[in-house]
Every structure is written in C-alpha cells, then in structure tokens.
Amino acid sequence: MIRCLIIEDEPVARDILGKYIEDTPNLSLEGECETAIEGLKTLQDKTIDLIFLDINMPKLSGISFLKSLSNPPKVILTTAYSEYALEGYELDVVDYLLKPFSFERFLKAVQKVDIPASGEASIIVKADGKTYRIDKNDILFAESLGDYVKLHTASNTLTFNKTLKSFLEELADNTFLRVHKSFLVSLSRIDFVEGNMIHIGTSEIPIGASHKEEFQNRFYK
C-alpha cells in the first residue's frame, strides 16, 4: 500500500485527487493539507510514501517546499501552469500532472511510483508476559540495555529480552538503521539532525563515530 498525502490549496482539486486515490486499490490517503506549512507538520507526524504537491500555493510554493526537505518522499507535482514542468523534473519528481487531468492520466503517473518493498508490515514482541503485534510504521527508535531492548513506539514503550543486533535482523527493513552501538532508529521518523544528535519527537539519539558515514549515506541520499 502506497501512503499518500495531498498538499493543495484548491478545495475542488483536493476533492478530485482524494476521489482518484480512493478509487485506486494500492493507494491509501493519509492526509489532506491546504498549505505547504501544514504539509511539513503532517510529514513529521506520519509516514508518507507519495505526495501530490501543488506548485502554486500561498506563502510557500510547492517547489520551495520540496527544496526544503532533506529526505523527501516520492512526489507528483500538480499545477495549471506548464512552464513549471522543467523545474519540477530537475528536482527528481515522479511525474507532472497538468490540471485538469483525467483519472487515466492520474493512473499513468501513479504507475511510475516505485516504493521499495519492506517485507512484513508488523512484528511480534513479547514483553511483560504479553504478546504484542507492533506496526513497523509506529516504531520510533530502539535502545540497547545489554541483553534487553527498550523499544519506543508512537504510543508505547516496551522492554524485552533480545539484543539490539538480533532485533534489527528481525525487522528486516531498510527503513531502520543502527546509528550507535546502543541505538537503532526509524529513518522515516527522524524530525531533524543537529550536529551528532538525531531528534525524534522530544528524544535525542547520538550518532556513533563508526556509524556516521552509513547514516549520512542513508539519510542524506
């Protein structure tokens, strides 16, 4: 399932995109935003695979918004002005939809989207005498406590008997990366990086010297 976000200031255009997404089996609409500023907030709160991004918006244009993202999802640009197409493609967008566009043209653009497979969407964790099914999208980061792992998710914190290395192997998902001998993080849940510290919500996770190069290659690609 491809998780989609609409960033579009025109209500009619938002409605059309929403209906097209609803009518496409492998797409899931995760949010609709009227401005790029709202879009930034949504990207912090949710995992998004594909943005339908209007170029002409007040305060912050779609192009400026896209340039501000260090690790953007896939993007399909939408606009009524064809002269913006070249600049959009220079930013490595998936496609460019010129309004008004048909459902057929919409599907043609979506078929170009290549979202890497991440295996199973959830994992089983046994903690406190209970068995939990954890959605991988909810995982923020995990911390090593010797032979135990302290797992931080969007809604809970669980501690269970497993090494950080074996837990990372169990995740089997390129969204997750070990950034320190004692920490692994979900790259998609990082809010920002400052110096050698990763910020996820109110938590700060250090980047170890031996993991710095791989982190830079993965996060800033």
Side-chain angles (χ1 to χ4, degrees), residues 1-5 25-31 39-51 69-74 113-221:
M1 188 67 71
I2 298 174
R3 295 160 293 194
C4 304
L5 173 66
N26 64 325
L27 301 185
S28 169
L29 181 58
E30 300 296 319
L40 286 171
K41 177 66 167 59
T42 302
L43 287 177
Q44 291 176 352
D45 295 339
K46 295 184 176 182
T47 300
I48 301 297
D49 300 312
L50 174 63
I51 301 175
L69 301 178
S70 60
N71 191 29
K74 302 291 185 180
V113 180
D114 180 23
I115 304 297
S118 296
E120 295 296 324
S122 62
I123 58 169
I124 298 297
V125 169
K126 295 183 178 180
D128 308 320
K130 301 175 184 176
T131 302
Y132 299 84
R133 180 174 291 278
I134 306 294
D135 189 327
K136 289 184 182 180
N137 294 325
D138 288 338
I139 295 175
L140 305 178
F141 65 96
E143 178 182 357
S144 172
L145 301 176
D147 291 331
Y148 287 81
V149 168
K150 187 174 184 179
L151 178 64
H152 300 259
T153 73
S155 58
N156 205 353
T157 301
L158 300 171
T159 301
F160 49 91
N161 185 206
K162 195 179 290 284
T163 65
L164 196 64
K165 181 177 183 292
S166 62
F167 181 58
L168 182 58
E169 291 172 352
E170 183 180 338
L171 287 169
D173 190 321
N174 60 14
T175 301
F176 300 95
L177 179 66
R178 193 163 186 167
V179 296
H180 186 277
K181 65 179 182 179
S182 299
F183 293 93
L184 67 82
V185 302
S186 170
L187 294 172
S188 65
R189 301 306 295 261
I190 293 175
D191 294 320
F192 63 93
V193 178
E194 186 175 27
N196 285 325
M197 299 299 292
I198 295 167
H199 293 254
I200 300 178
T202 58
S203 300
E204 295 184 353
I205 298 99
I207 303 171
S210 62
H211 298 273
K212 188 172 184 178
E213 183 177 357
E214 184 179 4
F215 174 75
Q216 290 176 334
N217 290 337
R218 294 275 296 277
F219 184 67
Y220 296 106
K221 67 177 180 180

So does Gly201 get a backbone contact from the side chain of Asp191, meaning a donor-acceptor N/O pair under 3.5 Å? yes
How far does OG of Ser188 sit from NZ of Lys46, to the nearest 0.5 angstrom? 14.0 Å
Are side-chain heavy atoms of Ser28 and Asp49 found at a separation under 4.5 Å? no
Contact check, side chains of Leu69 and Leu43, non-hydrogen atoms, under 4.5 Å: yes
Knowing that exactly one of Lys181, His211, His180 qualifies, which makes a side-chain contact (heavy atoms from CB on, under 4.5 Å) with Pro206? His180
Working for side chain to side chain contact (heavy atoms under 4.5 Å, CB included), residues Lys150 and Thr157: CA-CA 7 Å; Lys150 187 174 184 179; Thr157 301; 3.6 Å; yes
With the side chain counted from C-beta on, respond yes when Leu187 and Phe215 share a heavy-atom pair under 4.5 Å apart, and no when they do not. yes
Give the intermediate values and the outcome of side chain to side chain contact (heavy atoms under 4.5 Å, CB included) for residues Ile190 and His199. CA-CA 6 Å; Ile190 293 175; His199 293 254; over 6 Å; no
Judged by modelled atom types alone, do Asn137 and Arg3 share a side-chain donor-acceptor pair under 3.5 Å? yes
Should Val185 and Ile139 count as side-chain neighbours, where that means a heavy-atom distance under 4.5 Å? no
Side-chain contact test, heavy atoms from C-beta onward, threshold under 4.5 Å: evaluate it for Cys4 versus Leu50 and give yes or no. yes
Would you say that more than 12 heavy atoms from the other residues, nucleotides or ligands in this model lie under 6.0 Å from the CG of Asp147, or not? no
In the structure I gave you, are the side-chain heavy atoms of Ile124 and Ile134 within less than 4.5 Å of one another anywhere? no
On the 0 to 90° scale, with breaks at 30° and 60°, tag the Phe183-Phe141 ring pair as parallel, tilted or perpendicular. tilted
Please check if the distance between the ring centroids of Phe160 and Phe167 is under 6.0 Å. yes
Nearest non-hydrogen partners of Arg189 and Asp138, listed with the distance: NH1-CA, 3.9 Å
Taking the side chain as C-beta and beyond, is there a heavy-atom pair between Lys212 and Asn196 under 4.5 Å? yes
Would you give the length of the straight line joining atom OH of Tyr132 to atom CG of Leu151, rounded to the nearest 0.5 angstrom? 11.0 Å
Would you say Thr159 and Val149 make side-chain contact, with heavy atoms under 4.5 Å? no
Would you give the length of the straight line joining atom CD of Glu169 to atom CG of Leu164, rounded to the nearest 0.5 angstrom? 10.5 Å
Reported CZ-to-CD distance for the pair Arg218 and Glu213, which is rounded to 0.5 angstrom: 13.0 Å
Would you sort out whether Glu194 and Glu204 count as a side chain to side chain contact (heavy atoms under 4.5 Å, CB included), showing the intermediate values? CA-CA 10 Å; Glu194 186 175 27; Glu204 295 184 353; over 6 Å; no
Side chain to side chain contact (heavy atoms under 4.5 Å, CB included) assessment of Val179 paired with Ile198: CA-CA 9 Å; Val179 296; Ile198 295 167; 3.9 Å; yes
If you measure from CG on Leu158 to NZ on Lys130, what distance do you get to the nearest 0.5 Å? 9.5 Å
Spell out, as yes or no, whether a donor-acceptor pair under 3.5 Å connects the side chain of Lys136 to the backbone of Leu171. yes
Distance, nearest 0.5 Å, that separates OG1 of Thr42 from CD1 of Ile51: 9.5 Å
Please determine if Arg178 and Glu214 form a salt bridge, counting it only when a charged side-chain N lies under 4.0 Å from a carboxylate O. no
